[in-house]
Amino acid sequence: MLSTVVDTNPVPSGAAFPQRRPTADIVVGAPRRDAGMPGRFTVTTMRDVAARAGVSTKTVSRVFNDDPHVLPSTRAEVEQAMRDLNYVPNVLATTFRSGRSSVIGVAVPDIVDPFFAAIARAIDDTARTHGISTMVTSLGDDPEGERPALESMLGRKLSGLVVAPVGTDHSWLSRWQEHTPLVFVDRAPRGLDTDTFTENDEEGAYLATSHLSSYGHRRIAYVGDVVHLSTETNRLHGWRRALAEVGMSGGDELVFDRVTTRNAAAAAVAQLQALDEPATAIFSANARSSMVLAAVMRNSPMPLVGFGDFPLADILTPSVTVVDQDPRGLGTLAAERVIARLADVGAHLERLSVREVTLIERESCRAAAHN
């Protein structure tokens, strides 16, 4: 397991104990001057906010965690008190009391993949604002290797764990769920009910394929990675739905998986062009496949739309039309959910959030269809 720990609170040379930075991200609230004792500062507590708003501390916690059952008038009063007192929840105190380390684990298939790298960076950026470090690991693409990798991380008594899974069964994680916030991103877990943030994969694939068909293409290929993953399964459904709407079937001869290298991409393109009815356009189901396809089709490009933006996609010739997933948004939401669960384990929050995706039109699909 490849692991990298990003320490947001380094120990100065020669120091006997970790030195905490005196900023609002690691205390209950920003320091404010004590009117009764000049020169001294106090910090705001949840009780201070509750007293100012005239509510219980439980209500303050529910407002902070965006509980939908709080009355709008009560929410407004509590939020105003939070602003007046510059209140920030003491997440670190919660982790220290529970015996957990102030570290959020992040497990993704490949940290080098631009999409997952952006998710990990957003999680780290958000965690830093709360004085929390992150530990990142690459799971690889072998479902069997996921459980030992995650168990190794969970054994470190993490504050929480964010996972972009590769496995096919996550029911075993239920025993960890009682004391460690678990959040899944990009791909939903199987056999486990936990906080999950995904994209509308089927609709994104449908948009991409329909966009190609609007240019007259009917033989549109599907090129992706591991089809058993929920993301690719849903994208395959969206591709087939779009083809069915224009009277075409998505036959197996048009589907290529595990296309993550230039050799695999070159072989897929060659086979698609050699069919009795050659493919005239390609829907690429993920950014890694899109990158290798763009490389091998540089001299003789086929119309292409990719699921997921990637570095330089907008400056290639032709620039690549993509379905934008907003990985930074996913990472930020995941980290915020871990922190919310630490502040109030029993908060009533939506378990599943499906984010809509958008099509970014560039040049790669603007070509006449070959009928």
Can you list everything that forms a ring pair (Phe, Tyr, Trp, His ring centres under 6.0 Å) with F184? Sequence neighbours excluded, please.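 By the ring pair (Phe, Tyr, Trp, His ring centres under 6.0 Å) rule, F184 matches H170.
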Determine whether a donor-acceptor pair (N or O, by modelled atom type, separation under 3.5 Å) exists between the side chain of [X] and the backbone of [Y].
X    : Y    : result
S152 : A149 : no
E232 : D225 : yes
S138 : G140 : no
T194 : L182 : yes
S289 : V259 : yes
T196 : L352 : no
N234 : S230 : yes

Between Y222 and W239, is the gap from one ring center to the other below 6.0 Å?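 That pair passes the under 6.0 Å test.
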Do Y206 and V322 land in one hydrophobic cluster if side-chain heavy atoms of ILVMFWY residues count as linked below 4.5 Å?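 No: no chain of side-chain contacts under 4.5 Å links Y206 to V322.
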When you group the ILVMFWY residues by side-chain heavy-atom contacts below 4.5 Å and let the links chain together, are L243 and L207 in the same group?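 No, no single cluster joins them.
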Test of understanding: with side-chain contact (heavy atoms from CB on, under 4.5 Å), list the residues that count as partners of A335, not counting sequence neighbours.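 For A335 the side-chain contact (heavy atoms from CB on, under 4.5 Å) partners, ignoring immediate neighbours, are I123, T126.
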Flag the pair [X] and [Y] as a salt bridge only when some basic side-chain nitrogen lies within less than 4.0 angstrom of an acidic carboxylate oxygen.
X    : Y    : result
R235 : E202 : no
R128 : D124 : yes
E253 : R219 : yes
D169 : R147 : no
R175 : E151 : yes

Is R337 positioned over the aromatic face of F197, cation under 6.0 angstrom from the ring centre and no more than 45 degrees off axis?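 Checked: cation-pi criterion not met.
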Which pairs with one or both residues in residues 301-329 pass salt bridge (Lys or Arg N to Asp or Glu O under 4.0 Å), sequence neighbours excluded?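 Of all non-adjacent pairs touching residues 301-329, those that pass salt bridge (Lys or Arg N to Asp or Glu O under 4.0 Å) are D125-R328, D309-R362, D326-R355.
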Looking only at non-hydrogen atoms, find the nearest pair between I282 and M297 and report the distance.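 Residues I282 and M297, closest heavy atoms: CD1-SD, 4.1 Å.
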Just checking E277: does its CD atom have more than 12 heavy atoms from other residues, nucleotides or ligands closer to it than 6.0 angstrom?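 Counting neighbours around CD of E277, 12 or fewer heavy atoms of other residues, nucleotides or ligands fall under 6.0 Å, so no.
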Does R47 have more than 12 heavy atoms from other residues, nucleotides or ligands lying within 6.0 Å of its CZ?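 At most 12 heavy atoms, drawn from other residues, nucleotides or ligands, come within 6.0 Å of this atom.
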